[in-house]
Amino acid sequence: MSQLKKERLEATMQKELSLILRDEVKDPALRMCTVTSVTLTNDLSIAKVYISFMEHEKRGMDALERSKGFIRSKLAHVLKIRKCPELHFVVDDSLEYGNHIEELIRKIHKAEEEKQ
């Protein structure tokens, strides 16, 4: 499979997983979660699904693990591929990391201004 097709499939999976989590899964712990990205292995057997939560991260991850089979079966009905990849949910902490870096830069600029 070409890299372009893989990227298209990842984007489609991200969109469809977002819709499934929003419309199909009834667990209230998943109300405030967002699918930030999906990466597939080269053989398309495993999909790493990066999720961010507004609150209750632990409860949300537990709910995702409980609903994994249901989510995968719903995704399999939508995707036009032979075998639906196994889903591995991962907490995406890149936003928190970005905020931390931004705060550090702000402190450095403030310290430089105070020196002058």
Side-chain angles (χ1 to χ4, degrees):
M1 176 176 269
S2 73
Q3 185 65 25
L4 182 61
K5 284 184 182 179
K6 182 180 160 193
E7 288 173 4
R8 263 194 252 136
L9 182 57
E10 289 170 344
T12 301
M13 285 182 69
Q14 179 179 351
K15 178 181 146 229
E16 293 301 331
L17 284 168
S18 294
L19 293 174
I20 290 168
L21 289 174
R22 187 189 73 194
D23 300 335
E24 305 278 341
V25 180
K26 302 297 184 210
D27 197 316
L30 298 176
R31 290 285 175 243
M32 300 298 282
C33 76
T34 305
V35 179
T36 56
S37 70
V38 175
T39 57
L40 286 163
T41 56
N42 287 334
D43 63 354
L44 306 181
S45 64
I46 298 173
K48 259 191 185 175
V49 182
Y50 293 90
I51 305 280
S52 69
F53 293 93
M54 294 294 283
E55 54 189 29
H56 309 297
E57 183 177 297
K58 175 79 172 96
R59 279 184 32 213
M61 286 305 286
D62 291 342
L64 281 172
E65 288 303 315
R66 281 193 308 271
S67 306
K68 188 184 285 191
F70 173 78
I71 294 168
R72 186 176 179 202
S73 69
K74 288 290 185 184
L75 185 63
H77 287 292
V78 176
L79 297 179
K80 304 287 191 257
I81 57 176
R82 184 175 299 162
K83 185 174 182 278
C84 188
E86 183 180 326
L87 302 177
H88 289 218
F89 294 104
V90 180
V91 175
D92 185 0
D93 58 359
S94 61
L95 185 61
E96 292 172 20
Y97 182 73
N99 289 340
H100 174 70
I101 296 297
E102 192 174 306
E103 182 63 30
L104 291 175
I105 291 171
R106 209 174 297 126
K107 286 179 182 178
I108 290 171
H109 285 299
K110 186 176 179 182
E112 286 177 357
E113 287 175 5
E114 289 175 357
K115 280 184 182 178
Q116 295 174 355

Reported [atom1]-to-[atom2] distance for the pair [X] and [Y], which is rounded to 0.5 angstrom:
{"X": "T39", "Y": "Y50", "atom1": "OG1", "atom2": "OH", "result": "4.5 Å"}
{"X": "I71", "Y": "E24", "atom1": "CD1", "atom2": "CD", "result": "10.5 Å"}
{"X": "M61", "Y": "L30", "atom1": "CE", "atom2": "CG", "result": "10.0 Å"}
{"X": "D27", "Y": "C33", "atom1": "CG", "atom2": "SG", "result": "9.5 Å"}
{"X": "L64", "Y": "L21", "atom1": "CG", "atom2": "CG", "result": "6.0 Å"}
{"X": "T34", "Y": "L17", "atom1": "OG1", "atom2": "CG", "result": "12.5 Å"}

Does atom NZ of K48 have more than 12 heavy-atom neighbours from other groups under 6.0 Å away?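 Open: at most 12 neighbouring heavy atoms sit under 6.0 Å from NZ of K48.
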
For T41 and K6, work out which heavy atoms get closest and say how close.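 Heavy atoms of T41 and K6 come nearest at O-CE, 4.1 Å.
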
Taking it one step at a time, do L19 and V78 satisfy side chain to side chain contact (heavy atoms under 4.5 Å, CB included)? CA-CA 11 Å; L19 293 174; V78 176; over 6 Å; no

In terms of hydrophobic clusters joined by side-chain contacts under 4.5 Å, are V38 and V90 together?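 Result: no, two separate clusters.
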
Take R106 and E103 through the salt bridge (Lys or Arg N to Asp or Glu O under 4.0 Å) test and state the conclusion after the steps. CA-CA 5 Å; R106 209 174 297 126; E103 182 63 30; 2.7 Å; yes

If the threshold is 4.0 Å, N to carboxylate O, is there a salt bridge linking K68 and E65?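 Result for this pair is yes, salt bridge flagged.
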
Are I51 and V35 packed together at the side-chain level, in the sense that at least one heavy-atom pair is separated by less than 4.5 angstrom?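 A side-chain contact exists here, since the closest heavy-atom pair is under 4.5 Å.
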
Validation: residues 52-59 side-chain donor-acceptor distances under 3.5 Å, sequence neighbours left out:
unit_1, atom_1, unit_2, atom_2, d
K58, NZ, D62, OD1, 3.1
K58, NZ, D62, OD2, 3.3

Quick check against the 3.5 Å criterion: does E10 have a side-chain atom that pairs as donor or acceptor with the backbone of S37?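 Side chain of E10 to backbone of S37: no pair is present.
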
Donor-acceptor pair, side chain of S2 and main chain of K5, under 3.5 angstrom: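 Yes, S2 side chain to K5 backbone: donor-acceptor pair under 3.5 Å.
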
Sequence neighbours excluded and cut-off under 3.5 Å, please list the side-chain donor-acceptor pairs for residues 79-86, or say none.
unit_1, atom_1, unit_2, atom_2, d
E86, OE2, H88, NE2, 2.8

